[in-house]
Amino acid sequence: MLKRNRLNASREIAPVTLPNCRLIKGIETGSEDIDILPNGLAFISSGLKYPGIKSFAPDKPGEIFLMDLNEDNPRAVELRISRGFDMASFNPHGISTYVDRDDTVYLFVVNHPHQKTTVELFKFVEDDSSLLHLKTFRHDLLTSVNDIVAMGPDSFYATNDHYFSDFILMFLEMFLGLTWSNVVYYSPKEVKEVAAGFYSANGINISPDRKYIYVADVFDHNVHVMEKHANWNLTHVKTLQLDTLVDNLSIDPHTGDIWIGCHPNGMKLFYDDPENLPASEVLRIQNILSEEPAVTRIYADNGSVLQGSSVASVYEGKLLIGTVFHRALYCEL
Ligand SMILES: *[C@@H]1O[C@H](CO)[C@@H](O)[C@H](O)[C@H]1NC(C)=O
């Protein structure tokens, strides 16, 4: 099956503006994924070096920023990472937090050191704004992880694309419509593929009742709703088709709404042309399980403000929009 225009290369978008937005100071080289704790602390991964996509600081290691969204005028602070962790090759991609019963905050970070894939586990130490590196997960089934959603202090679901294992293969998938991308469940006891047949499984997240897993298929322009079973297997419930390239998904813990950072014209991510900047678009999906989910374009920009949005995350009327390699936007809704 040859699907054309998988990258939506030519789509131009009408702007949708929000009144109270500002670019976040200090974040200049990407804000690929954002995860907000129930208490309003937002973690932001920055500095991803993607094969084929521009980086404003190709030699600078990646960073994790923290923003306290309870503050009146929140600012991003770089988290210090404990000694012993190889910072020079730190190339952070998707992130996910897990809060344990004793309120310990764990941060899972997909990492691509030397173009390989690992998942790094950190403990967040709030007292001195640092991350203590606890362990590195590696596995043959974690081939080229894009995003993860934590299920416990040492277990998670991960989406595999082929960016970092085989860039050529990824382009074949894109243009020929091969569906070789999957979702893997990882725990110390068991690692297994739990869903397959995606063009390029990207963002992954979980519903507030923890019954459903949402997977964004970036090149198939859709979001899959999967039911999670006691043995961690996933079965397909429904697919919501959208007219844009869906990247990371985040869930409003109060409403269950899904917020998505999208690439309205994906090919421009690869152009590196000031006359043809990659645009940004944020969608909100309400009631995805109902017959007629409501899809709202909350924000859209042609790249003059924000280039290549990859994630949008909300906390109590505040919205953070992250990007693959550009800046990050803070908005009061
Ligand atoms: C992008 O949008 C801005 C503001 O809406 C506008 O001023 C600018 O001309 C647009 N640029 C392009 C290339 O369309």
Side-chain angles (χ1 to χ4, degrees), residues 4-34 42 44 46-58 67 69 73-76 171 174-175 202-203 216 218-219 221 241-250 257-286 294-315 317-333:
R4 298 175 75 187
N5 206 11
R6 201 171 290 284
L7 280 167
N8 254 353
S10 57
R11 183 168 168 246
E12 295 303 332
I13 57 161
V16 178
T17 52
L18 287 170
N20 300 306
C21 294
R22 62 172 167 85
L23 291 164
I24 300 170
K25 221 174 142 203
I27 302 184
E28 323 271 341
T29 60
S31 43
E32 220 276 334
D33 203 6
I34 297 174
I44 304 172
S46 178
L48 175 66
K49 267 72 79 183
Y50 241 149
I53 294 186
K54 146 195 208 132
S55 165
F56 284 116
M67 230 172 142
L69 298 181
N73 203 1
R75 47 194 195 98
F171 268 95
M174 223 150 59
F175 293 112
N202 232 68
V218 62
F219 297 134
H221 308 181
Q241 205 62 40
L242 301 161
D243 180 31
T244 186
L245 275 69
V246 289
D247 202 328
N248 288 290
L249 304 171
S250 85
D257 296 350
I258 303 174
W259 289 73
I260 319 180
C262 305
H263 307 295
N265 37 29
M267 203 61 215
K268 293 187 181 179
L269 278 174
F270 300 92
Y271 283 176
D272 195 11
D273 170 5
E275 301 297 311
N276 249 316
L277 297 172
S280 290
E281 185 174 37
V282 172
L283 298 182
R284 182 189 61 201
I285 304 174
Q286 294 171 300
V295 180
T296 311
R297 293 174 77 226
I298 300 288
Y299 177 81
D301 173 67
N302 62 13
S304 59
V305 177
L306 198 67
Q307 300 175 29
S309 57
S310 61
V311 61
S313 199
V314 286
Y315 173 78
K318 287 149 184 182
L319 169 67
L320 292 177
I321 309 174
T323 64
V324 178
F325 61 82
H326 192 230
R327 305 190 63 179
L329 203 64
Y330 167 83
C331 301
E332 285 168 8
L333 297 173

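Since this is a predicted model, take the numbers as computed values, not measurements. Every number for a ligand or one of its atoms is a count from 1 in the order of the listing.
Protein heavy atoms all stay at least 4.0 Å away from atom 7 (O) of ligand 1. Atom 14 (O) of ligand 1 lies below 4.0 Å from at least one non-hydrogen atom of the protein. Protein non-hydrogen atoms do reach within 4.0 Å of atom 11 (N) of ligand 1.
Against a heavy-atom cut-off of under 4.0 Å, Asn302 is close to the following atoms of ligand 1: 1 (C), 2 (O), 3 (C), 8 (C), 10 (C), 11 (N), 12 (C), 14 (O). Atoms of ligand 1 lying under 4.0 Å from at least one heavy atom of Ser304, given by number and element, are 1 (C), 2 (O), 3 (C).
Under the 4.5 Å side-chain criterion, counting only non-hydrogen atoms from C-beta, Tyr299 is not in contact with Ser309.
Among the candidates Leu319, Ile321, Asn20, Leu69, the single residue satisfying the side chain to side chain contact (heavy atoms under 4.5 Å, CB included) test with Tyr330 is Leu69.
The two residues Gln241 and His221 have their closest heavy-atom pair at NE2-O, 3.3 Å.
A donor-acceptor distance shorter than 3.5 angstrom exists from the side chain of Ser250 to the backbone of Ala312, with no hydrogens or angles considered.
Atoms OG1 and CG, from Thr323 and Asp33 in turn, are 11.5 Å apart once rounded to the nearest 0.5 Å.
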